[in-house]
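Data first, discussion second: the structure below is written as structure tokens.
So you know, we letter chains A, B, ... as the sequences are listed, proteins then strands, and number each from 1.
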Amino acid sequence: MSMDQILSQLNEQQLEAVKINDGSLLVFAGAGSGKTRVITTKIAYAIEVLGIKAHQILAVTFTNKACREMQERVINMVGDTGNMVMIRTFHSFGVWLLRRYGQLVGLDKNFKIYDDDDSIALLCQAYPDDNKKEIAGYYKKIAVLKDRLEKPNKMDERLCKYYSKYEEQLRRTGNVDFADMIIKSIELLQTHPEVQTEVQNRFRMILVDEYQDSNKAQFNLLKLLVGPETFICAVGDDDQSIYRFRGAEVKNILDFPKAFKNTKKVVLGKNYRCTESILDVAKDVIDNNRTRAEKTLSAYNQGGDLPQIYYVDSGIDEADQVVKMLKQFHESDPEAYNNSAILYRTNSQSKDFEDRLMINGIPYHIVGSLRFYDREEIRDCIAMISLMTNPRDSVAFQRMINKPSRKIGDVSIEKLLEIAITDQSIQGDVILACKKAVDEKVIRGAAVEGVKNFVDAFDRCQGLFGTMENGKFLKQVLLEFGILDFYVKRDTTERLKINKRTENIEQLVNMLSFEEFSDGQEGVNRFLELASLEASALGEEEGHGTEGVTLITMHNTKGLEFERVFMVGMENEIFPGRLDERTEEDIEEERRICYVAMTRAKKELYMFCASSRLRWGNVQPESPSMFLKEIDESHVEEIDLRFKSRFGGQFRFDNRQDSYRSGYGNGFGNSYTSHGNRYSANYVNTEKFFNRDQDETEGRPKPSEASRFNIRNMKSPVLIKKGAASAPAKPASVTYEVGDRIRSEFYGEGTISGKRQFAGREVLDVKFDSGRTGTFACDKVTFEKI
DNA sequence: GGCGACAAACTTTTT
DNA sequence: GTTTGTCGCC
């Protein structure tokens with residue numbers, strides 16, 4: 001395709017954005033307004049019209065998936081030279097830079113990327129007596145601080161202690177964590193002007209996608225990359241900023257003009273992805289955010305089916321209903337599975353859907369969650385590779401020293417690490433520490449033999465590295481250390497599992513035999529990089545990568561689009577989650593997530609809301625997401641599939657049920673109760689999915705269907721109603737202590753077995769005489785003391 | 001030091 | 001319901 005043809009496909013604003021190429025450019029691009037198209041076209045235009053060399057262009061996006069897609073599109077436009085354009089995430093760009101110059105800022109030549117688990121393990125090594133969970137919590141804070149380039153508050157002594165110790169330990173290993181990929185790059189450019197000049201001269205054009213999700217560290221890095229001759233263009237949408245929890249600052253996009261000189265602004269306000277109906281719903285919701293830039297986004301595709309909200313009784317009914325609909329769509333459209341997606345807020349919600357899809361033989365694939373890299377056996381292999389190539393990696397060492405069992409216990413391991421960390425002559429080398437410990441008899445008993453064996457295996461293998469291709473080398477390592485044997489045995493004991501661990505290992509060995517990873521240290525580095533930065537890419541079996549229904553978190557859908565979208569679990573406490581401990585800002589972020597999720601749908605959008613859900617083995621009542629209530633009634637179709645709504649309204653979902661959980665509703669205004677009535681309107685869609693199961697003349701389901709639908713939850717709606725009517729609220733004065741005997745209206749008599757903090761409030765664990773257990777929020781229970 | 005049995009904690013979101 | 005952690009015994 002010629003450049004003229006490419007340009008002729010753009011609208012006026014898009015064309016304007018492509019043609020501005022001096023100073024700085026900020027593109028405000030609403031959802032579906034063609035921002036990727038603008039970026040890719042800008043790249044093509046720069047190469048073919050402006051004569052900029054492909055390798056002088058750097059494009060930064062947010063996910064690796066987006067990188068691949070962009071590279072592909074660029075290649076489609078300009079041919080093979082598109083491969084020369086550097087398209088990376090911020091993090092992988094940092095790695096690229098640090099692989100070349102990292103030693104200047106104290107990194108190991110072959111530094112490895114520690115993920116969160118590795119980092120926590122590292123911190124635990126330094127404080128073996130401290131509570132692991134607490135350390136993990138502090139690590140999270142440290143990670144956010146680093147993303148924001150902040151130091152811990154001096155008032156929090158423990159955080160300060162952990163922070164400095166963590167940094168010290170990390171430097172000792174020579175490795176980096178996620179934040180370091182950016183921070184160390186910044187440090188490098190600041191302390192080595194010659195490197196900065198070199199980099200600035202190399203990149204004439206820098207394009208940043210999803211700019212609203214950049215954090216302070218990334219922003220600072222960007223500023224250092226832009227030289228006097230560099231053209232910078234950032235593209236983003238403040239309404240789609242959904243990574244605040246990770247330090248993303250919407251401020252970056254609003255302050256862009258201040259940070260970069262001569263900034264011109266272009267607004268892309270035409271949405272080409274969604275139908276007007278879908279965009280209307282998304283706008284209804286996002287309009288409730290107070291802190292956002294004013295903007296207009298209009299739909300190119302007029303009309304369209306109204307989005308639908310389905311009310312169901314339980315999580316299982318929700319999954320059943322989605323499956324049922326998918327099957328029906330599939331009858332008329334063989335592509336229906338491939339272009340449908342199920343979107344949920346948290347990964348844990350995927351399980352019910354997996355089960356149901358599996359049982360019904362519907363093909364599906366999950367994006368994200370269960371990562372190949374996270375499997376125990378794969379992490380073991382990777383730990384071994386890391387250790388072989390960097391003996392200062394104490395985290396990898398700790399993981400593998402006694403696996404398989406070499407009779408080296410926790411006490412011995414602690415001693416070994418102690419030596420590695422403190423002994424100056426060893427410089428953190430854990431293998432030297434082992435040798436020293438054996439020589440000086442620090443280790444005793446059976447452990448001595450084990451440590452010797454480990455060191456011997458290490459010495460035998462290290463000589464082999466680089467003499468054979470990496471896949472073969474790994475296999476040899478696994479044999480020498482007895483890891484392969486270990487997993488062969490595990491596979492026989494775990495034969496019920498579908499996934500054989502040895503097969504996963506085999507796959508990994510194969511992967512390391514691929515040309516790009518097979519060659520010595522370079523190959524290993526490339527591989528480890530891929531493994532930690534793009535974990536989902538590993539282990540994607542052919543045919544499973546894109547075939548079938550997509551299961552994905554709302555966060556992960558960023559930049560993607562689907563013909564048909566199912567948003568599930570639209571209930572307060574799930575989405576938005578943990579309502580009562582959230583600030584207004586948190587809610588606004590959740591609302592943006594909702595906006596992003598809704599605007600993924602091109603043609604059809606279905607939202608699901610269950611009135612009860614199984615959580616921790618207990619049936620918990622759920623209330624409809626506040627976001628559903630923000631949608632204008634005329635913009636959606638509401639379909640009530642709940643049991644109680646199908647019996648003449650006797651057990652209708654009405655205000656009383658809301659008042660049962662009034663604790664959650666308070667503070668969000670009276671829309672809560674006023675909308676309650678909307679649900680009891682008992683709207684039943686008679687044309688699409690329901691008519692097959694229901695008696696046409698009655699407009700109601702057959703009894704058998706109704707009972708099948710609800711057999712598991714028969715109790716739940718009835719109980720809720722009873723509770724609300726007879727015991728409206730617990731007097732604030734009643735308190736419960738462990739050991740108290742109580743009577744619950746729902747479950748009978750029992751004993752309070754525990755009282756603890758959970759999710760920021762006090763909860764009670766109760767053991768009922770019937771044998772069942774339950775967890776209840778203190779301020780919400782209506783137990784009678786006996 | 002290893003292993004099994006039981007209890008407790010558990011659910012944000014990701015590079 | 002599931003996973004992780006602790007305790008006691010061999």
**Message:** What is the separation between atom CZ on A:R592 and atom P on B:dT14, rounded to the nearest whole Å?
**Reply:** 16 Å
**Prompt:** Taking only N and O in the side chain of A:N556, is any of them less than 4.0 Å away from OP1 or OP2 of B:dT14?
**Reply:** yes
**Message:** Please determine whether a side-chain nitrogen or oxygen atom of A:T63 lies at a distance below 4.0 Å from atom OP1 or OP2 of B:dT15.
**Reply:** no
**Request:** For atom NZ of A:K407, decide whether the heavy atoms of other residues, nucleotides or ligands shown that lie under 6.0 angstrom number more than 12.
**Result:** no
**A:F397 and A:F454, any side-chain heavy atoms less than 4.5 Å apart** = yes
**Message:** Using the rule side chain to side chain donor-acceptor pair (under 3.5 Å), only one of A:R592, A:Q212, A:R292 pairs with A:D239; which is it?
**Reply:** A:R292
**Message:** At 4.0 Å (heavy atoms only), tell me whether A:D116 reaches a base, stays on the sugar-phosphate, or touches nothing.
**Reply:** base
**Asked** C1' atom, C:dG5 versus B:dT12: distance in rounded Å?
**Response** 23 Å
**Prompt:** Can you check the A:Q349 CD to C:dG1 C1' distance for me, whole Å?
**Reply:** 16 Å
**Message:** Centre-to-centre under 6.0 Å for A:F62 and A:H555, is that the case here?
**Reply:** no
Check the interface with nucleotides 2-5 of chain C: list each N/O to N/O pair with the protein under 3.5 Å, or write none.
none

**Message:** Using a 4.0 Å heavy-atom cut-off, does A:S348 contact any base of the nucleic acid, only the sugar-phosphate backbone, or nothing at all?
**Reply:** base
**Prompt:** A:Y243 has an atom OH; how far is it from atom C1' of B:dT12, in whole Å?
**Reply:** 12 Å
**Item:** Which residues share a side chain to side chain donor-acceptor pair (under 3.5 Å) with A:N215, sequence neighbours left out
**Value:** none
**Fill in**
note: A:R615, atom CZ; C:dG1, atom P; distance rounded to Å ~ 16 Å
**Request:** Whole angstrom is fine here: how far is it from CZ in A:F575 over to C1' in B:dT12?
**Result:** 12 Å
**Prompt:** Can a cation-pi geometry be assigned to A:K141 and A:Y138, taking NZ or CZ under 6.0 Å from the six-membered ring centre and within 45° of the ring axis?
**Reply:** yes
**Request:** Could you say whether A:I408 or A:F62 is positioned toward the 5' end of DNA chain B, judged by the nucleotide with the nearest heavy atom to each?
**Result:** A:I408
**Asked** Below 4.0 angstrom from OP1 or OP2 of B:dG2, is there any side-chain N or O of A:S405?
**Response** yes
**Message:** Under the criterion of centre distance below 5.5 Å and interplanar angle below 30°, is A:F245 classified as stacked on the base of B:dT13?
**Reply:** yes
**Fill in**
Of the listed B:dG2, B:dT12, B:dT15, the closest approach to the A:R246 side chain comes from B:dT15
**Complete:** A:Q620 atom CD is separated from C:dG1 atom P, nearest whole Å, by 14 Å
**Item:** A:N347 side chain near B:dT13 phosphate (N/O to OP1/OP2, under 4.0 Å)
**Value:** yes
**Request:** Could you check if a side-chain atom of A:T63 sits within less than 4.5 angstrom of a side-chain atom of A:T89, using non-hydrogen atoms only?
**Result:** no
**Integer-rounded Å distance: B:dT13 P and A:E588 CD** = 22 Å
**Fill in**
On DNA chain B, more 5' by nearest nucleotide between A:F178 and A:D410 is A:D410
**Asked** For A:R345 and A:T553, what are the C-alpha separation, side-chain angles and deciding distance, and is it a side-chain contact (heavy atoms from CB on, under 4.5 Å)?
**Response** CA-CA 6 Å; A:R345 177 66 234 278; A:T553 62; over 6 Å; no
**Message:** What is the separation between atom CD on A:E210 and atom C1' on B:dT14, rounded to the nearest whole Å?
**Reply:** 13 Å
**Prompt:** Of the nucleotides B:dT14, B:dG1, B:dT15, which one has an atom closest to the side chain of A:H555?
**Reply:** B:dT14
